[in-house]
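Below is one structure; the comments refer to it alone.
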Amino acid sequence: MSKTLEDLVTRRFQDVTVTEAGHINTAEFLEAAEGVVKLFATPDPPMLTKVREKSLSNPSDPTVYDTLQKIITAEAKEGDRTATQGLLWLKRGLELTAMALKRSLENQKETLSDSFTEAYNKTLKQYHGFIVKKMFGVAMMACPDRETFYKKIGGDKEGAHEQLLAWVNALQGLLNELNIFYASGAFDKGL
């Protein structure tokens, strides 16, 4: 029996708390981001770990790093931008994923590999050198076909397409908030 998106993710992006100021709850965002990892059955990326470590680094006052924006702001003052850089790369990877899945949902005749390659060209490619670009091309050869991937996440069930699209759109909304925040303080400069 195939699973559904709800079976694979413990928190949906649409359930991540965002304050009126646009600040994103750290623990909830990381939990939702882990869902992306589960979709593709890969180990936790190091950038997820760096942000999680920073969020847990002040146990005496858990509100110090309770939003992603607080982590970035604190690190800008401290000079150590390890979590800021980790979050930046996590954000970039999630942008690739969101763009690829949305493209795949909108272009149902396109292969998953083509959707991810097009998204890569628009998101991460600009940050990679020749060798990494070639490695991405090789990795796309191992990309599952559409039917296998969507069946894994319940794409054969009623409403699955709409659920995944809502999840992707919510992710993109969170990424937009992060992009605005990074740009507002040039927090990605030099990273």
Side-chain angles (χ1 to χ4, degrees), residues 3-102 119-120 122-124 126-128 153-154 162-191:
K3 295 183 178 187
T4 66
L5 182 64
E6 303 298 321
D7 295 328
L8 293 168
V9 298
T10 55
R11 179 175 301 274
R12 300 174 312 156
F13 285 107
Q14 50 269 55
D15 297 330
V16 173
T17 303
V18 180
T19 68
E20 286 187 30
H23 289 212
I24 300 166
N25 182 284
T26 301
E28 293 175 3
F29 181 82
L30 294 177
E31 184 180 355
E34 287 171 346
V36 175
V37 173
K38 290 176 186 173
L39 284 183
F40 297 100
T42 60
D44 269 3
M47 52 275 216
L48 196 66
T49 304
K50 290 184 185 311
V51 179
R52 184 179 296 111
E53 286 172 356
K54 184 67 171 193
S55 71
L56 300 173
S57 67
N58 193 344
S60 62
D61 185 0
T63 64
V64 171
Y65 302 122
D66 64 347
T67 70
L68 298 174
Q69 289 83 348
K70 284 182 181 179
I71 291 174
I72 295 166
T73 304
E75 283 198 340
K77 291 175 187 168
E78 297 166 2
D80 173 20
R81 301 187 323 163
T82 305
T84 302
Q85 184 174 23
L87 180 59
L88 177 66
W89 280 101
L90 176 60
K91 179 183 75 66
R92 288 173 177 168
L94 291 171
E95 287 172 330
L96 164 74
T97 303
M99 185 179 288
L101 289 176
K102 185 157 188 164
Y120 174 78
K122 293 177 180 170
T123 57
L124 292 177
Q126 64 185 316
Y127 304 111
H128 290 159
I153 62 169
E162 291 76 17
Q163 279 186 338
L164 185 58
L165 187 58
W167 185 78
V168 168
N169 287 337
L171 168 57
Q172 191 58 61
L174 295 170
L175 295 172
N176 292 344
E177 290 289 344
L178 282 175
N179 286 331
I180 291 166
F181 188 78
Y182 267 93
S184 74
F187 294 114
D188 56 348
K189 187 173 181 162
L191 297 180

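Looking at Glu95 and Asn179, their side chains do bring a donor and an acceptor atom within 3.5 Å of each other.
Nearest heavy atom pair, residue Ala83 against residue Val51, reads O-CG2, 3.6 Å. Scanning all heavy atoms of the two residues, the minimum distance from Gln69 to Leu178 falls at NE2-CD2, 4.3 Å. Annotation for Ala100 and Ala119: closest pair N-CB, 3.6 Å, computed over non-hydrogen atoms. Glu177 and Ile24 make their closest contact through CB-CD1, 4.0 Å (heavy atoms, listed as atom of the first residue, atom of the second, distance). The two residues Thr63 and Lys70 come nearest to each other via the heavy atoms O-NZ, 3.0 Å. Residue Ser55 comes nearest to Tyr65 through the heavy atom pair CA-CB, 3.8 Å, listed as atom of the first residue, atom of the second, then distance.
Looking at Thr26, its side chain does come within 3.5 Å of a backbone N or O of Leu68 through a donor-acceptor pair. A distance-only check finds a donor-acceptor pair linking the side chain of Glu75 to the backbone of Thr84 [under 3.5 Å].
With a 4.5 Å cut-off on side-chain heavy atoms, Gln172 and Leu175 count as touching. Considering only heavy atoms from C-beta on, Phe181 comes within 4.5 Å of Thr73 through its side chain. Counting heavy atoms from C-beta on, the side chains of Trp167 and Leu101 come closer than 4.5 Å. Between Leu94 and Trp89, the closest side-chain pair of non-hydrogen atoms is not below 4.5 Å. Looking at heavy atoms from C-beta onward, Arg11 lies in side-chain contact with Val16 at the 4.5 angstrom threshold. Inter-residue side-chain proximity for Lys102 and Asn169 is flagged as met; some heavy-atom pair is nearer than 4.5 Å. At a threshold of 4.5 Å between non-hydrogen side-chain atoms, the residues Lys91 and Tyr182 count as touching. No side-chain heavy atom of Val168 sits less than 4.5 Å from a side-chain heavy atom of Thr97.
Atom CG of residue Leu88 and atom NZ of residue Lys189 lie 14.5 Å apart, to the nearest 0.5 angstrom. Taken from CG in Asn25 to OG1 in Thr17, the straight-line distance is 5.0 Å, to the nearest 0.5 Å. Rounding to the nearest 0.5 Å places CZ of Arg12 at 12.5 Å from CD of Glu28. Between Leu164 atom CG and Ile153 atom CD1 the span is 4.5 Å, to the nearest 0.5 Å.
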### Message
Under the criterion side-chain contact (heavy atoms from CB on, under 4.5 Å), I'd like the reasoning laid out for Leu87 against Phe187: C-alpha separation, chi angles, the key distance, then a yes or no.
### Response
CA-CA 11 Å; Leu87 180 59; Phe187 294 114; over 6 Å; no
### Task
Could you go through the side-chain contact (heavy atoms from CB on, under 4.5 Å) check for Leu30 and Leu90 one step at a time?
CA-CA 10 Å; Leu30 294 177; Leu90 176 60; 4.2 Å; yes
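The pair Lys54-Glu78 meets the salt-bridge criterion, since a charged nitrogen lies less than 4.0 angstrom from a carboxylate oxygen.
Seen from the ring of Tyr127, Arg92 counts as a face-on cation partner, given the 6.0 Å and 45° thresholds.
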